[in-house]
Amino acid sequence: MNPLGQYGVWAPWQIWPQDPNEIAAAAQEVERLGFGTVWIGGSPTDDLQLAEAVLAATSTLAVGTSIVDIWTADGARLAASHVRISNGFAGRFHLGVGSGHAPTAESRGEAYTRPLTRLREFLTGPLAEIPATELMIAALGPRTLSAAAELTAGALPYLMPPAHTAEARRIMGAGPLLAPEQKVILGTGAEAARRGARRALRPYLSLPNYTRQLARFGLDESDLAGEGSDRFADSAVVWGDDTRIRTGLDAHLQAGADHVAIQVLLETGNPRQVPLAEWRRLAEILGLPT
């Protein structure tokens, strides 16, 4: 049984409300709408307090982090936070970790460590007592995808097209969970949708861990230069009418994903608060049971 459900919502921790009652109301709305999982993105803190609050407010909703940054998190504190949550909400939480946008060795004041080496050390060191079935890792390249299958319940690819999902499934095999993130804009106007997409996507064009992978799946240097081409915007963000949005999301499932973590963007770019109205509309498009 898939513990994540087919569809979940992905939102950075920074746009969640501060008030506990508002957190609870938003979480309960997501559960009522029929989504299987809430993914807390944007490198949430290692105390996992927001994840715990969402779990406490709901009864069946799964929660995952996407992802806690291994360069900034305190491993012992993170492990203790996981124990606290696991004891209170068994089977409903997946701790997603990853190397994020790895800082330079100089900025950390230490010798260079390869991100995958650091990730393995983190998983087999401070997180060694966490069951593999409760861990997932951010994974883009083949070696990290293999590590996800070897050491955890599965992989959390980000900003990758369905073709990457298909490759990830081939690399990982049939068993591990595969839950790619996919961005959507609920609008039908090409100009407005692409403008919003570019505002949200701009930071990733300067990050080679993303651009190297994107270039392997149909994009070239011109697509990834400047603010990105229309082809890049259209491949990274699903927009259009209901059928086009549903088709774009389900393309990951058809390529071998178990679950799609859906990040809603606005025509103005990244939302500044949890997009409840858009989540309601998305639930209608996906025909989720409420």
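Below, all heavy atoms of this structure are taken into account, side chains as well, without hydrogens, waters or symmetry copies.
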task = Apply the test salt bridge (charged side-chain N to carboxylate O under 4.0 Å, His left out) to residues Arg198 and Asp230: give CA-CA distance (whole Å), side-chain angles for both, the deciding distance (0.1 Å), then the verdict.
result = CA-CA 9 Å; Arg198 285 191 171 93; Asp230 286 351; 2.6 Å; yes
request  = Assess whether side-chain contact (heavy atoms from CB on, under 4.5 Å) is satisfied between Leu151 and Leu135, documenting all intermediate values.
outcome  = CA-CA 8 Å; Leu151 299 173; Leu135 285 166; over 6 Å; no
side-chain contact (heavy atoms from CB on, under 4.5 Å) between Ser59 and Glu31, worked out = CA-CA 8 Å; Ser59 59; Glu31 184 174 56; 3.5 Å; yes
query = Would Leu78 and Phe122 count as a side-chain contact (heavy atoms from CB on, under 4.5 Å) if you check the C-alpha gap in whole Å, the side-chain angles of each, and the deciding distance to 0.1 Å?
reply = CA-CA 11 Å; Leu78 181 60; Phe122 203 75; 3.8 Å; yes
task = Determine, step by step, whether Arg32 and Glu29 satisfy the salt bridge (charged side-chain N to carboxylate O under 4.0 Å, His left out) criterion, reporting the C-alpha distance in whole Å, the side-chain angles of both residues, the deciding distance to 0.1 Å, and the verdict.
result = CA-CA 5 Å; Arg32 184 192 69 78; Glu29 178 74 350; 3.1 Å; yes
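Ring geometry, Tyr210 versus Tyr204: the interplanar angle exceeds 60°, so the pair is classed perpendicular (tilted spans 30 to 60°). Between His164 and Phe217, the angle of the ring planes goes over 60°, which puts this pair in the perpendicular group of the 30/60° scheme.
For His252, the ring-ring contact (aromatic ring centres under 6.0 Å, His included) test picks out no residue, with sequence neighbours left out. The side-chain contact (heavy atoms from CB on, under 4.5 Å) test applied to Arg212 returns Pro208, Asn209, not counting sequence neighbours. Residues passing the side-chain contact (heavy atoms from CB on, under 4.5 Å) test with Thr268, sequence neighbours excluded: Arg199, Leu266. Applying the salt bridge (Lys or Arg N to Asp or Glu O under 4.0 Å) rule to Arg170 yields no partners; only residues at least two apart in sequence or on another chain are considered. Residues passing the side chain to side chain donor-acceptor pair (under 3.5 Å) test with His94: none are found, sequence neighbours excluded.
From Ile130, atom CD1 reaches atom CG of Leu123 across 9.0 Å, with rounding to the nearest 0.5 Å. Within the model, atoms CD of Gln213 and OH of Tyr158 stand 15.5 Å from one another, a figure rounded to the nearest 0.5 Å. Here the CZ-CG distance, from Arg231 to Leu219, works out to 5.5 Å after rounding to the nearest 0.5 Å. Atom CG in Leu253 sits 9.5 Å away from atom CG in Leu178 (nearest 0.5 Å). The distance from the CG atom of Leu186 to the CD1 atom of Ile285 is 5.0 Å, given to the nearest 0.5 Å. Atoms CD and CG, from Glu134 and Leu127 in turn, are 11.5 Å apart once rounded to the nearest 0.5 Å.
Evaluation of the salt bridge (charged side-chain N to carboxylate O under 4.0 Å, His left out) test over residues 137-158, restricted to residues two or more places apart or in two chains, returns Arg120-Glu150.
Note on Ile15: it clusters hydrophobically with Phe35, by side-chain heavy-atom contacts below 4.5 Å among ILVMFWY residues.
Proximity of Thr37 to Trp10: side-chain heavy atoms (C-beta onward) are nowhere separated by under 4.5 Å. Contact of the Leu282 side chain with the Tyr7 side chain is not registered, since no non-hydrogen atoms from C-beta on lie closer than 4.5 Å. Between Ser99 and Leu119 there is no side-chain heavy-atom pair separated by less than 4.5 Å. Using a 4.5 Å heavy-atom threshold, the side chains of Pro115 and Thr144 count as separate. Leu205 is listed as a side-chain neighbour of Phe232, based on a closest heavy-atom distance under 4.5 Å. Under the 4.5 Å side-chain criterion, counting only non-hydrogen atoms from C-beta, Leu286 is not in contact with Gln6. You'll find the side chain of Asn270 reaches within 4.5 Å of the side chain of Leu265, heavy atoms only. Under the 4.5 Å side-chain criterion, counting only non-hydrogen atoms from C-beta, Met136 is not in contact with Val97.
With 3.5 Å as the limit, one finds no donor-acceptor pair spanning the side chains of Asp241 and Thr243.
For Glu284, the CD atom is densely surrounded, since the number of other residues' heavy atoms within 6.0 Å is greater than 12.
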